[in-house]
**Q** 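Quick one: this structure, given as structure tokens, is what I'll be asking you about.
First listed ligand is number 1; within each ligand, the first listed atom is number 1.
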Amino acid sequence: MLPPESGLWQRLEVTIKALVESYGYREIRLPILERTELFKRSIGEVTDIVEKEMYTFVDRNGDSLTLRPEGTAGCVRAGIEHGLFHNQQQRLWYLGPMFRHERPQKGRYRQFHQVGVESFGIPGPDVDAELIVLGARLWAGLGLSGVRLEINTLGDARARARYRERLVAYLSAHRTHLDADALRRLESNPLRVLDSKNPEMAELIAGAPALIDELDPEALAHYEALKGWLDRLGIHYVENPRLVRGLDYYNRTVFEWISDQLGAQGTICAGGRYDGLVEQLGGRSTPAAGFAIGLERLLDLVRSEGRLEESDHPHAYLVMVGPRAEAVGRPFAEGLRDGLPRLRLLANSGGGSFKSQLRRADRSGARLALILGEDEAAGGWVQVKYLREDREQERVALSELSEFLRATIDTGGQSGS
Ligand code: HAM
């Protein structure tokens, strides 16, 4: 990832970080490698991720390790190991590369980046709603309007077991219409059959019994309360009873944020509740919910229809022609940096003619060239040349330059006065 792309990433990361921290989530930094067993036990043995997508190897001790395909499992593992879940609520977030050996295409990569947000110790739908509203606020802040929210409930383990029986009966009755994947999963993980992307199975899946008909009253009440919160918070949602997610640890609430702008890989963010996972991995029973954003996809969307405040281009490029100009200019630039910590100032290095320095200034993407020649250095002023606007050059005294640049920074660099 090269500049200027890396600058875009930085600004996106800063924006997300500020938002999640404003909701009280704190950063947890997780290792990229975990024991393979962790992902098998959490994501599930019979999932695409564990069956075909993990980068797994045996290390020099003979331990099987895996490059993390997602962050939730590692977050729970670390939380258990460090006692983070004992009688307390935790709101955590993380950011980093994840690895899945999928077929690469636009929006789907073998190394991609997620921001994950996880809450622990809070059983109610209020925190599900908080996680969702946080996402909505992020899309709005990034100028994205066309992101659709789909929600569903998976109920609790007992209801899913009942549902599983009904589903197996239904699928078995239509065995001749199942593809090879579905036939295999019919035995091991029938809910996953509903996940199939095979268009020839779409009709069969559409006619399958619905999980919602099997739900326990508690899970239904949780779902109704979540919808109530979303209504009160002004969040539009679409209920999608077929939304099952590709990881096994979820119960009750699941949701995805989807854009139609991105083609086949339109889900920019996904998550849900996973109340059983902490206990399943050896901790005390702890309710939990969270989501992860796919940053590549989000950035694609921001590029095509959103906005990221402020570019990382320099506000100004200091052109210094001649020894006197250099002698005055360089210490002066340091003084400007002292007074204006947010100033992005590129001071010319390596000499060069007026013309070649101006060319560098232009290429740097700076808004302004501050031109300091021998006369200007002697007289104590600079010529300010607007590089991106059709506007007369102006003369500014060195003593007033700091104030002048402050205005440039405050107006996002659009105007120098
Ligand atoms: P996930 O749905 O597997 O969930 O991934 C979350 C998001 O990561 C996806 O919606 C997508 O934007 C992005 N993503 C996944 N795979 C790729 C890929 N190969 N290339 C580019 N982007 C990708 C999880 O990972 C859960 N850990 C989310 C979660 C957190 N649930 C609760 N807490």
**Q** Suppose we screen for side chain to side chain contact (heavy atoms under 4.5 Å, CB included). Which residues come up paired with Y94, at least two apart in sequence or across chains?
**A** I28, L30, T72, C75, M98, E118
**Q** Which residues satisfy the side chain to side chain contact (heavy atoms under 4.5 Å, CB included) test with E51, sequence neighbours excluded?
**A** V46, R184, R185
**Q** Show me, by chain and number, every protein residue that has a heavy-atom distance under 4.0 Å to ligand 1.
**A** E70, T72, R100, E102, G107, R108, Y109, F112, Q114, E118, R245, L247, Y249, Y250, T267, I268, C269, A270, G271, Y274, G290, F291, A292, G294, R297
**Q** Can a salt bridge be assigned to the pair K40 and D248 using a cut-off of 4.0 Å between side-chain N and carboxylate O?
**A** no
**Q** Would a distance-only check, ignoring hydrogens and angles, find a side-chain to backbone donor-acceptor pair under 3.5 Å from R68 to P97?
**A** yes
**Q** Counting only pairs under 3.5 Å, give me each side-chain donor-acceptor contact of residues 137-146, with atom names and distances, residues two or more places apart or in other chains.
**A**
from : atom 1 : to   : atom 2 : distance (Å)
R137 : NE     : Y23  : OH     : 3.0
W139 : NE1    : G135 : O      : 3.4

**Q** Between the side chains of E165 and R162, is the shortest nitrogen-to-carboxylate-oxygen separation below 4.0 Å, so that they form an ion pair?
**A** no
